[in-house]
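Here's the structure we're looking at; comments come further down.
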There are 4 protein chains.
Amino acid sequence: MSKDDRIAVILRTARELIREKGFENFLPLEVAQKSGISEGMVYKYFKSKRELMERVAEDWFEEFLNEAPLPAQDLPLRDQLFQVIWSSLMSIKREPALTRFVLMELRADPNYRNLPTYRQSRRFAKSVVDVIEQGIQRGLIREDLNRKLVRDMIFGAIEHATWAFLRGEDEEFSVDVTARGITDMILDGISTQKPLTTEMIERLEHMVSQLASELHGVRMGPPAD
Amino acid sequence: MSKDDRIAVILRTARELIREKGFENFLPLEVAQKSGISEGMVYKYFKSKRELMERVAEDWFEEFLNEAPLPAQDLPLRDQLFQVIWSSLMSIKREPALTRFVLMELRADPNYRNLPTYRQSRRFAKSVVDVIEQGIQRGLIREDLNRKLVRDMIFGAIEHATWAFLRGEDEEFSVDVTARGITDMILDGISTQKPLTTEMIERLEHMVSQLASELHGVRMGPPAD
Amino acid sequence: MSKDDRIAVILRTARELIREKGFENFLPLEVAQKSGISEGMVYKYFKSKRELMERVAEDWFEEFLNEAPLPAQDLPLRDQLFQVIWSSLMSIKREPALTRFVLMELRADPNYRNLPTYRQSRRFAKSVVDVIEQGIQRGLIREDLNRKLVRDMIFGAIEHATWAFLRGEDEEFSVDVTARGITDMILDGISTQKPLTTEMIERLEHMVSQLASELHGVRMGPPAD
Amino acid sequence: MSKDDRIAVILRTARELIREKGFENFLPLEVAQKSGISEGMVYKYFKSKRELMERVAEDWFEEFLNEAPLPAQDLPLRDQLFQVIWSSLMSIKREPALTRFVLMELRADPNYRNLPTYRQSRRFAKSVVDVIEQGIQRGLIREDLNRKLVRDMIFGAIEHATWAFLRGEDEEFSVDVTARGITDMILDGISTQKPLTTEMIERLEHMVSQLASELHGVRMGPPAD
DNA sequence: TATGAATGAGCATTCATTCAT
DNA sequence: AATGAATGAATGCTCATTCAT
């Protein structure tokens, strides 16, 4: 078996083990046994247990990035955002144990910013930010937003929904419903109609009133409810 | 030293150690030494290392809940929400290591729902949900919202912002700015103005058209559909 | 509460705890708590945990010796032996945990021969040996027996039956049946009745019959019962 | 050193340590040191201290069972029984500490019946029971015996004799004498010749005397020895 | 006399990593 | 290249006993 095949087998086995037992119980010895090789070989190809785990996470993330291509720019904004959030939730639902590893272990690593996973995470985050920027350029999204915060909110919502799923709180966890909810809330907020609109209307009403008074010498009030 | 004082000392020391070294490196022996007592004493008052850590988290959460009283119901909705988010971020900024412990260890515990921390977390979540409900009743927030999702989004945003801070990504992390940003985004969403307003504007346009036609004998208006 | 009362309470509590949890899990702290006194008091009256446990065993043994008086010497031998064995099994059945303590811990102690329990054990063993001796004197038991071995066999049988009971193997463990079985086997052995004896008698009977017939012309049968 | 050799060394060392210090003071660390290996190696081949000790007991028992082959069926019953009892006592005399471990620790284990030692113990017990059954079939042993009780008595006698030896009470402990004594007592019981027989003979003597006196006018006494 | 806080030695077990073969 | 035996530091937890108050 070639070196690359060997590595592929180890990575696949390791991913299975993480999926089955959780990353806290992941043992290099088991990877070797399940791969039909010796422990020494695992350490030949991966400097340490940690490196192996990081590579597993990296591969998984890479797959995700490839499977979830950038949303087509000619789609409506809402659809683009939905697609990005939906892919993310879907991927998490498929590999909850790996998700936990990335969220809990890698992200807490002081060295996180030098890890490939960090860059991957940035790539994905960028695809979200790109959608936002596009929305801004099209005039559909407010310009005055803190981009970082928008990104945090989107991912925050995704992750928080994920935790509930990982803890088994939401047995009926539906990727579609959750993704739709997050998308709408991000775009529309939770308020009912906007006060600014009213103000503008009031201003218009004022103008109309003035016109009317010029015409008839009579001051019109706002339309009765 | 009285039993209660002893317990207090242990808890304080333990909290310091978690703060300094992170919960992964927390050793009961060190707690004892730093408290000037024997390891056995720690185990006299706390059945296990885990229980001690949970108590530290619990006390911290309790302090937070006491320090962050329910927002006054007569405040504007936006201020109430801001206050809740601000307290949360503030508390996290003060004890990042404990936050990590709660978010990563406790929340991932299969038994999480039976822990005091879970109930505390619910209490806090409830205070947020209460604000939302009140907004709905006042007609300021849409009725058709998935409450759980709103809650997830708010906490998700808070936590995600927290992670960036914990990782030292945002050195200039400002509780005020972040809380303000989250609050506004939750309430208003990120979109520009709302199409529904159009109806009202159409009515106005109609009024203006009539006025204008009276003035000039010409019908202005939007193009007929 | 007087000193003696105190001691009595401690001993009673200790016995209950040994009964409930087994002697391996016996904790002085629990004795104190259950007795409503402090741990220090336990150590005031008993030099060590071991001494306390030995005293519990001693008291129990003493009770047994008092409750199981010497078998009346005018009873048939078999009844005396049965009584002794029966009392022993009965006492064991009542306090299995204490029995285990004596059999496993005390008896294995290098210092066992200096313990009160040893002397008590000897007292009880003597009562058995006395029955045997009496049997010998009455001509009912062979003289050439190794007394020590007889004693070992009797107690061995009792203890082995006990172990099965302690392990829960014989749920239907009946003191009566077991005591009866042991008694009979000890007295009679397991061999069938000696064929030679009967044969000889028959031969003699045959000879006598012939003599009689020669004398009287009449055939005598065996004597009517 | 091969895996099997290593295991053998560990088992041998462990057995020595148990022999020297008793099973209560048995430390895995010491096994490793005395075997010239690290503690980790002990745990590589044996999941736990307990498992190691059980394996030591198991091997010892297996050796015993191999060294003490089934008694030849054509031997007299008494010789077969003697042989079985003798082997048992001999093995115990060689490894008193292991005997204590089996009798006290293993046999008290709630899981005892699932241990290999239990099955070994059954195998040996069966060889005894087989001898008994054979005796019954040959008409040499009473049919109406409670087999379980016979077995208990034999082993009880063996074990009780063992205990005395283990405690050093019988310094002159002789396997031959003890085995002989137990065998005889089991087979013959402790009673003198059966009184009924004597009685019958006396009656016969009486009849014979009468006949004789009728014949010769002379009173006959009991037959001279 | 009574308390109960305090001690601290003692021990089983794990597992990432190395390296002789 | 490949093996897998070997390492050994690290650590949570127990509990009989003491002694200051």
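From a predicted model like this one, the values you see are computed outputs, not experimental measurements. The figures here come from the full heavy-atom set of this structure, side chains too, leaving out hydrogens, waters and symmetry mates. Note on naming: letters A, B, ... go to the chains in the order of the sequence lines (proteins, then strands), and numbering restarts at 1 for each one.
- Judged purely by atom type and a 3.5 angstrom limit, C:Ser35 uses its side chain to pair as donor or acceptor with the backbone of C:Val31.
- Rounded to an integer number of Å, the gap from CD of C:Glu30 to P of E:dG4 is 17 Å.
- Less than 4.0 Å separates DNA chain E from no heavy atom of any residue of residues 7-25 of chain B.
- Counting heavy atoms from C-beta outward, C:Lys49 and C:Tyr43 have side chains that approach closer than 4.5 Å.
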Paired and unpaired positions of DNA chain F as dot-bracket, Watson-Crick or G-U wobble under 3.5 Å, | denoting a partner strand: .||||||||||||||||||||

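- At least one side-chain heavy atom of B:Leu52 sits under 4.5 Å from a side-chain heavy atom of B:Phe26.
- Along DNA chain F, the nucleotide nearest D:Ser2 and the nucleotide nearest A:Ile37 are compared for position; the residue whose nucleotide lies closer to the 5' end is A:Ile37.
- Note on B:Arg100 versus B:Glu105: no salt bridge recorded, every NZ/NE/NH1/NH2 to OD/OE distance being 4.0 Å or above.
- One finds a salt bridge joining C:Arg50 and C:Glu54 here, because a Lys/Arg side-chain nitrogen approaches an Asp/Glu carboxylate oxygen to under 4.0 Å.
- Dashed line: the shortest gap from a side-chain N or O of C:Ser38 to OP1 or OP2 of E:dG4 is not under 4.0 Å.
- Considering only heavy atoms from C-beta on, B:Glu30 comes within 4.5 Å of B:Lys21 through its side chain.
- Comparing A:Phe26 and B:Gly36 by the nucleotide of DNA chain E whose heavy atom lies nearest to each, the residue mapping closer to the 5' end is B:Gly36.
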Polar atom pairs between nucleotides 17-21 of chain F and protein, under 3.5 Å, N or O only, would you list them?
residue	atom	partner	partner atom	Å
F:dT17	OP2	C:Tyr43	OH	3.2
F:dT17	OP2	C:Lys49	N	3.0
F:dT17	O4	C:Glu39	OE2	3.1

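- For D:Arg6 and F:dG4, the shortest distance from a side-chain N or O to OP1 or OP2 is not below 4.0 Å.
- If you take CD of D:Glu51 and P of E:dA12, they are 15 Å apart, rounded to a whole angstrom.
- Taking atom CD on A:Gln33 and atom C1' on F:dA5, their separation rounds to 13 Å, with Å as the unit.
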Stepwise side chain to side chain contact (heavy atoms under 4.5 Å, CB included) check, B:Glu20 with B:Lys34: CA-CA 13 Å; B:Glu20 287 166 19; B:Lys34 238 190 134 186; 3.3 Å; yes

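- Looking only at side-chain heavy atoms (C-beta outward), C:Phe46 and C:Pro28 stay at 4.5 Å or farther from each other.
- Considering only heavy atoms from C-beta on, D:Phe61 stays 4.5 Å or farther from D:Leu98 through its side chain.
- The shortest distance between side-chain heavy atoms of B:Thr99 and B:Trp60 falls below 4.5 Å.
- Nearer to the 5' terminus of DNA chain F, by closest-nucleotide assignment, is the contact made by A:Met41 (compared with the other of D:Met41 and A:Met41).
- Side-chain contact between B:Asn25 and B:Ile18 is absent, with no heavy atoms from C-beta onward closer than 4.5 Å.
- Distance D:Met53 CE to E:dC11 C1': 13 Å, rounded to the nearest Å.
- Proximity of A:Tyr45 to the phosphate of F:dA2: a side-chain N or O atom is located under 4.0 Å from OP1 or OP2.
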